[in-house]
Asks: 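Here it is, the structure, as structure tokens.
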Protein chains: 6
Amino acid sequence: MAKMFGEMAVFSGRSNRPLAEAICKDLKLTMSEADMIDFPNENIFLQLKCSVRGQDVFLIQGLSVPVNRNLVEMFVFLDALKRASAGRITIVIPFYAYGRSDKKDQPRVPITARLLADLIVTAGADRYMTVDLHAGQIQGFFSIPGDEFTAFPILSDYLVEQKIPNAVVVAADLGFAKKARNFARRLDVPLAFVEKRRIGNDPNAQALTIIGDVENKNVILVDDEVDTAGTLVEAIQLVKRNGARQIFSVCTHATLSHPAVERLRAAPIEEFVCTDTVPIPPERHLPNFKILSVAPLLAETIARTHAGRSVGEYLHDTQ
Amino acid sequence: MAKMFGEMAVFSGRSNRPLAEAICKDLKLTMSEADMIDFPNENIFLQLKCSVRGQDVFLIQGLSVPVNRNLVEMFVFLDALKRASAGRITIVIPFYAYGRSDKKDQPRVPITARLLADLIVTAGADRYMTVDLHAGQIQGFFSIPGDEFTAFPILSDYLVEQKIPNAVVVAADLGFAKKARNFARRLDVPLAFVEKRRIGNDPNAQALTIIGDVENKNVILVDDEVDTAGTLVEAIQLVKRNGARQIFSVCTHATLSHPAVERLRAAPIEEFVCTDTVPIPPERHLPNFKILSVAPLLAETIARTHAGRSVGEYLHDTQ
Amino acid sequence: MAKMFGEMAVFSGRSNRPLAEAICKDLKLTMSEADMIDFPNENIFLQLKCSVRGQDVFLIQGLSVPVNRNLVEMFVFLDALKRASAGRITIVIPFYAYGRSDKKDQPRVPITARLLADLIVTAGADRYMTVDLHAGQIQGFFSIPGDEFTAFPILSDYLVEQKIPNAVVVAADLGFAKKARNFARRLDVPLAFVEKRRIGNDPNAQALTIIGDVENKNVILVDDEVDTAGTLVEAIQLVKRNGARQIFSVCTHATLSHPAVERLRAAPIEEFVCTDTVPIPPERHLPNFKILSVAPLLAETIARTHAGRSVGEYLHDTQ
Amino acid sequence: MAKMFGEMAVFSGRSNRPLAEAICKDLKLTMSEADMIDFPNENIFLQLKCSVRGQDVFLIQGLSVPVNRNLVEMFVFLDALKRASAGRITIVIPFYAYGRSDKKDQPRVPITARLLADLIVTAGADRYMTVDLHAGQIQGFFSIPGDEFTAFPILSDYLVEQKIPNAVVVAADLGFAKKARNFARRLDVPLAFVEKRRIGNDPNAQALTIIGDVENKNVILVDDEVDTAGTLVEAIQLVKRNGARQIFSVCTHATLSHPAVERLRAAPIEEFVCTDTVPIPPERHLPNFKILSVAPLLAETIARTHAGRSVGEYLHDTQ
Amino acid sequence: MAKMFGEMAVFSGRSNRPLAEAICKDLKLTMSEADMIDFPNENIFLQLKCSVRGQDVFLIQGLSVPVNRNLVEMFVFLDALKRASAGRITIVIPFYAYGRSDKKDQPRVPITARLLADLIVTAGADRYMTVDLHAGQIQGFFSIPGDEFTAFPILSDYLVEQKIPNAVVVAADLGFAKKARNFARRLDVPLAFVEKRRIGNDPNAQALTIIGDVENKNVILVDDEVDTAGTLVEAIQLVKRNGARQIFSVCTHATLSHPAVERLRAAPIEEFVCTDTVPIPPERHLPNFKILSVAPLLAETIARTHAGRSVGEYLHDTQ
Amino acid sequence: MAKMFGEMAVFSGRSNRPLAEAICKDLKLTMSEADMIDFPNENIFLQLKCSVRGQDVFLIQGLSVPVNRNLVEMFVFLDALKRASAGRITIVIPFYAYGRSDKKDQPRVPITARLLADLIVTAGADRYMTVDLHAGQIQGFFSIPGDEFTAFPILSDYLVEQKIPNAVVVAADLGFAKKARNFARRLDVPLAFVEKRRIGNDPNAQALTIIGDVENKNVILVDDEVDTAGTLVEAIQLVKRNGARQIFSVCTHATLSHPAVERLRAAPIEEFVCTDTVPIPPERHLPNFKILSVAPLLAETIARTHAGRSVGEYLHDTQ
């Protein structure tokens, strides 16, 4: 197999350093460092602490809160790497922001998910890696090659181990219907949906219905992201009213914006299963949280990308 | 309101000339013409028959069969318009091809829907207009401004007029779940799904299930496109087995590849309601077809685009 | 004179709305509005409240604190305008951030001022306008046409009116030497410099010297920006030790990062003269502040740009 | 010599698989494979069957009939290779289409040969290789590096071996005059031309004249391409009327559109000498056809390109 | 007809100011002026003397000697116009340099004619106009729209008026064969060629032959350009040896590099007919020169381009 | 350390061949050659004499007189290298022209320093290297990575060796104030300035003042470039009038346009210390010239760039 670039170097911005460290540990590699300082005027100063000339650089930077700081830091970091003559720059984005801004579904709105992809390329990225985009089509927003991985096999493997009897997978968002079907197939259980329908022209008046059967079943609610947990909590109330027993909540990205933690604490959830694509500080970590790591997945694909070995085969075997 | 470009000129490629003529009729405009000749070696010769210097040109060319000819003809047409110094070129694509190739859902496949968008821009388009993309995110594949319209209000208005009692909207494809929900809301009827799940690792072994209730109901099967009608016919059989009464099939794009017409002829469909985004030659026109025209929609938005008047407001009122 | 685009529309992001309102008032124009909402996950939602099809749009958004939010909001706003088919988009940046990151003066640092220019173009700007860049060369970082204005004539006109006897202009930063010379020429007074020189290899050990004569003189300290006021206060102490009498501090951009206000309150400054390119909230407004507005300057140049009339002539007359 | 990329991989589209196989055989390399399927709606599905990460990929795809299918397939193939992270992609185009659409020689026509070059680059090619372009200037239509080879030395070597006495080279198209001169020089024989001149303003009324001497000579008619063979047959009649003896027809690209085979069968041609840049199916293969292969030429240049060895020297020695 | 840009403004670089003045006179327009100064270090300083905001600017600058100065001046001029916010910039290049560097006909040479086109676009041109390119394909080197005009109708009209009896058109360069044919057709006279063939491998040993009949005829030698007149003088000697009577030399571009004037003075030429695309200073002006102006042609097409009227129709009528 | 490209190859244009030869000697490398011919029409013909396929090419070409020829030759050379499939092309520009055209400090002027950077990238450069730009911000005009080196450590090391007693560094241009400060710090001597101020509105009436103390001191006048030496000679007269003793003139780039040599010959300069970034022909070489070579600096950084070793560390150690 060909090794096309210089040594591998892994850098991390400030968005999710624990994940970056776990990846480097898996890669048995010392993380490359950079000074990152917020000046009093909030301008970010950044200086790489080692040469990257010709190297095969991976920069790990997710787009969770503080989103704007993390985004601008990503741009600045990419520019520094490019102007320092890195051989190839792969931006690793464990969590991609603005995933819901992926089309003009109202007049005169931006398509921010496409905009970000263009800005990332302008700033200097040669390739990208990311995990569970809100819509797979966002891949096509990038003009550079890249790989989207899914953490759902990690999540479903865990649930299979839990041997939940009489389970049903429920998608709380119809936009997630197809992925929920695939998830249900992995667990070999049936599927149901929560339909949220606006009533009249009032955007706040909404009717919720269950399509499919949840009565006397243990419900596994799946989504790509749990943010304020508002939709999740509504869905839990609905399935409970329809006779559901235990509730499991499963997602890749636990962004947990306020008041998510309070809502989750109050909700009758058996287990909240997520990954570490977004860092969850200890104070937001509830007893029923199960956080699975995507570090082995990302480490292996980084290693294969660097070595020019097939990523597709690995994903096929594991995903 | 500002009029920013020269006179409006509407051209048509060979893919859907009846629609282009209907649009011009609505616009009370004589269609601008071009010679288009296939040489014996299949190379397309194209020459505009009038000056387009500085004009505000709209080229209507859909991407139905023959797809490759229509696509290359679109590129050649755009190049001719650009090199003839058109002031602004809007490509109007009533039916966009390769909509299902919108992400890498398998290793080592292209994202052809993004590729086409890039090629169209390279060939010379300044703006685009299109109708009911397979995924709204394809808007974000374009680096140029544009508008996607939906024909579903036209379709739902027609069905409301039919006063179908005890109806249920059924989506045969889970990827269409959200749009089916919106459609059901317009008709104010419930929603159900056909779930197609692969069994084991055999891609051909599939189980179909109904999620939701169709018993004794008049079923309205909706999708963006009906191609070979294979999925449609399976869905019809399934809902029939589950006690459905009358069946209506509704879609924007009736591409009707072989053997769609034979299947539709044999299927117990009350009415097949579609639009003219794809031309349906008379010999494929079954007695239970109802073809609604998108020409008024496209004509009005072309007129507004040319005049610099709001398209969003018009869509809000009508859609 | 030619009017090349549709109607003029002026929008404002959230960075400096008072300035935008003053500009619109001068232009006798109602500001165009957009919804701007920070979602709980900090993602910015933006929707234009009126059509901009073909219009000649000016978006006013400076890059003061919160810098990252203002920057991302600028990108998102530009994308919305572009995809809403604005005829021409001029980004008006009263204060440009990252002006000191304008070259690689250390190894492995970015050139963020160039990066921003590229990102702004990628996001959709067709032209730019800005005021007193940290280095005039930043104009050349833009690949789009634009205009940099200087507020120094406004500042010097004010000082001339104050009839300060026996004055000397002092530049606290040698990088500002040439502009300080021009400023001194407008006031027709002599010039001196504060030289800051690192001692040995310790970056924190610095020697300050006066080059030129300040004894018994009224000192006018000029710079493009006062941020934490650290350099300014050192310079004041130095000129005082060298026999200066009254001190005036003059700058275009009063970014006033912490602890600037405390420092300015404690310093023996007769008057602190600046402009409104950066908004100064009332609670930071000290009694000896004199804030001059750049709104008439920007309003006139926006009007001339829209009408296709010469901006250079106006600047020549006033600057 | 440097080897800059990963392993070499040679793929072939469906346009000229026999040539691709001959090249791989010469390279002693197993061809890399891809699934290529035409869906019922004519959309092309393509999936690479092996990893190309970092590899030095050569895709062989000519643009003979079906031209549009072959062109779109080329674009889709390039996109799949690019998104699968190939290290370098060289498109090998044994026969380039639209060569006669290389300038605006009439108002309002496209320059399709330039358009294709741009589309090929947009789709993902890093380099190109091609054989005997209709005009050498088409090289300059590509913004990427590349090599044009000529098969005329292969053709002239063959003719020299035939020891044709008293020969004259005749160009049937004045645009081929210079290349015909070079060909005549290789054979060390004189040169003559067929002049085709339009009479009056009727584009169909044409006068043919011989410029130069063919009487009692064996005529070798050369051109880059024989398509419908109409011009060729007219030229044969003319030289025969002017006293020519035996006729040899020589070209690189035997595209042979209808009714070329019928015309060639009927014409008094001693031998029709061409290459395999365009596949000639057995049923179109006449007894007097001599097809020389460009496979060794392309194989050697592919090997040299991959190894970073000089192509120019090889061409100088052989061409 | 639409008028899409601001007022028309015509500027001229220093390469061919007499032509630019003649064009402005035809347009009844005062030429717009710019200061152009060569600093002692040869850097060119340029400043436009009037505003061009939004205007429809035509910059006339040919690429004759001093070629490098004229080329760099063109780039600098374009940049000044772009940054001064011209509405549209058309570069008018009466004579395009490097026309013979239009393909890689030897290994490791540039394609300078394409390079220039790219540089011109980078510098800021939106459109181009030019006259009689060495190869029409150079049109395709531009990624911007443009028009190539031919001066041959002007030249042939003049010759028709001269009523030269028993004439024959002779092309001294086989690359000019097709255009010579068209020229002969306009004069309704026969055609002949000078064939120049290298002997052996010595690039300096060349054999010249006449193909066609010139005996007792008045020979009209045509080419696009006469540079050193070496080829021309060889051709004259050859046709004279073959019995030609009077000699007329006709070309569009009389670049007349040393020692062209000496050679032309010594040669038995009845009349040397050319145009003013390249300025001929009075001291190089021989008594038998007839210089026809392209100013009316360029003025009319500039006027039509500005007004958005058809150029193709005008050319069809006149060319 | 990784070696990412093929063999290193160093080429030189005609601008500063002695420097290129010194660099190659330091690198113990035979310079790669190209034919460069000025045709009679001044078009430059260029052909590389060896293959560069995949190689890591460094082209040395400064932009001193003849500037336009050297610039166009650089473009043509880059195009030839790119089309000959060089692996990576680094343009080494020992002296960059048009450094003073780095902003629009007057209306309607170009920013030629940015324009050149764009043209160089368009022509094919992948990276750049240069020495002592007139303004460091010009680095940001390049969209490609690169390195600016400074020769001032070479110059200051030399002056330190000279042990000049009682010295003062004087900057004759306030735009050079900050660099002069750094230079003074290296010599550990004080700093003074020449202030040149326009009087009234007459651009030719200027007053010169010394800011700082030069009485009885040995003055070291520093600047980046000495061109006509006009400013230098004025500064010498001024410091002499203010009591200076010996005068040393120091600069990186001795472009020495007419009448610099005459002025320098007449001026009371102890020593004129410069580098070889611009070639000084023997006839312009005065007895008090000391020319220090940048060849070792450029050779080492070329070697490190090729090997992928840190350039920053080397510069930190030496600069």
Side-chain angles (χ1 to χ4, degrees), chain E residues 34-35 38-52 63-73 75-84 97-101 104 106-112 114-116 118-119 121-124 225 227-228 230 255-260, chain F residues 34-35 38-52 63-73 75-84 97-101 104 106-112 114-116 118-119 121-124 225 227-228 230 255-260:
Chain E
D35 283 325
D38 292 321
F39 280 137
N41 62 2
E42 291 189 9
N43 286 9
I44 298 168
F45 171 83
L46 189 146
Q47 184 172 28
L48 311 179
K49 288 176 126 164
C50 53
S51 173
V52 295
L63 296 175
S64 51
V65 169
V67 179
N68 297 320
R69 205 272 327 256
N70 286 339
L71 193 52
V72 175
E73 185 172 285
F75 298 150
V76 171
F77 216 133
L78 289 170
D79 189 68
L81 290 167
K82 180 177 67 176
R83 292 196 179 267
Y98 285 95
R100 281 163 214 277
S101 179
K104 282 179 67 176
Q106 304 177 61
R108 301 169 205 132
V109 296
I111 305 184
T112 310
R114 164 72 198 249
L115 170 65
L116 291 199
D118 285 341
L119 297 177
V121 174
T122 296
E225 173 186 351
D227 188 33
T228 62
T255 52
L256 302 185
S257 299
H258 180 78
Chain F
D35 284 325
D38 291 322
F39 279 136
N41 63 1
E42 291 189 11
N43 286 8
I44 299 169
F45 172 82
L46 189 146
Q47 183 171 32
L48 312 178
K49 288 176 124 164
C50 53
S51 174
V52 295
L63 296 176
S64 51
V65 170
V67 179
N68 297 322
R69 204 271 329 256
N70 287 339
L71 193 53
V72 175
E73 185 173 284
F75 299 150
V76 171
F77 216 133
L78 288 170
D79 190 68
L81 290 167
K82 180 178 67 176
R83 292 199 178 266
Y98 286 94
R100 280 162 215 277
S101 177
K104 280 179 68 175
Q106 303 176 63
R108 301 172 205 131
V109 296
I111 304 183
T112 312
R114 164 72 198 250
L115 169 66
L116 291 198
D118 285 342
L119 297 176
V121 173
T122 297
E225 174 185 350
D227 188 34
T228 62
T255 51
L256 302 184
S257 298
H258 182 76

Asks: Shortest non-hydrogen contact from F/Tyr98 to E/Asn43?
Replies: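 In this case the closest contact between F/Tyr98 and E/Asn43 is N-ND2, 3.0 Å.
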
Asks: Measure F/Leu78 against the heavy atoms of chain E and call it side chain, backbone, both or neither at under 4.5 Å.
Replies: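 For F/Leu78, there is no contact with chain E at all, as no heavy atom is under 4.5 Å.
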
Asks: How would you list, by chain and number, every residue that makes a salt bridge (Lys or Arg N to Asp or Glu O under 4.0 Å) with E/Asp227, sequence neighbours excluded?
Replies: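 Residues passing salt bridge (Lys or Arg N to Asp or Glu O under 4.0 Å) with E/Asp227: none at all.
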
Asks: Mind ranking E/Pro259, E/Ser51, E/Ala84, E/Ala260 by heavy-atom pairs under 4.5 Å with chain F and telling me who comes out on top?
Replies: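 Most pairs with chain F among the choices: E/Ser51.
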
Asks: Do the side chains of F/Leu71 and E/Leu71 get nearer than 4.5 Å, heavy atoms only?
Replies: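 A side-chain contact under 4.5 Å is absent here.
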
Asks: Quick one: pull up CG in F/Asn68 and CZ in E/Phe75 and give me the separation to the nearest 0.5 Å.
Replies: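 Output value for this atom pair is 10.5 Å.
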
Asks: Given that the side chain runs from C-beta out, which part of E/Ser101 has a heavy atom under 4.5 Å from chain F: side chain, backbone, both or neither?
Replies: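 The answer is neither part of E/Ser101.
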
Asks: Say you draw a straight line from CZ of F/Phe45 to OG1 of E/Thr112; how long is it, rounded to the nearest 0.5 Å?
Replies: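 If I round to the nearest 0.5 Å, the distance is 9.5 Å.
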
Asks: Is there a side-chain contact between E/Glu42 and F/Pro66 in this structure, where contact means two heavy atoms from C-beta onward sitting under 4.5 Å apart?
Replies: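 Yes - at least one pair of side-chain heavy atoms lies under 4.5 Å apart.
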
Asks: Give the member of E/Val76, E/Leu256, E/Asp118, E/Thr255 that has the highest number of heavy-atom pairs under 4.5 Å with chain F.
Replies: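 Most pairs with chain F among the choices: E/Val76.
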
Asks: Indicate yes or no for a side-chain donor-acceptor contact from F/Asp79 to the backbone of E/Ile111 under 3.5 Å, with no hydrogens or angles considered.
Replies: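 Answer holds: yes.
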
Asks: Answer yes or no: is there a side-chain heavy-atom contact under 4.5 Å between F/Asn41 and E/Val67?
Replies: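 Counting from C-beta outward, F/Asn41 and E/Val67 never come under 4.5 Å.
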
Asks: If you compare all heavy atoms of E/Arg83 against all heavy atoms of F/Lys104, which two are closest, and at what distance to 0.1 Å?
Replies: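 Looking at all heavy atoms of both residues, the closest pair is O-NZ, 2.9 Å.
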
Asks: Can you tell which part of F/Arg100 gets under 4.5 Å to a heavy atom of chain E, answering side chain, backbone, both or neither?
Replies: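 Neither the backbone nor the side chain of F/Arg100 comes within 4.5 Å of chain E.
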
Asks: Taking all non-hydrogen atoms of both residues, which atom of F/Pro110 and which atom of E/Leu46 are closest, and how far apart?
Replies: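 Between these two residues, the closest heavy atoms are CD-O, 3.2 Å.
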
Asks: Determine the sole option in E/Asp35, E/Leu48, E/Val52 for which the side chain to side chain contact (heavy atoms under 4.5 Å, CB included) test with F/Arg108 is passed.
Replies: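 For F/Arg108, the side chain to side chain contact (heavy atoms under 4.5 Å, CB included) check succeeds only for E/Leu48.
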
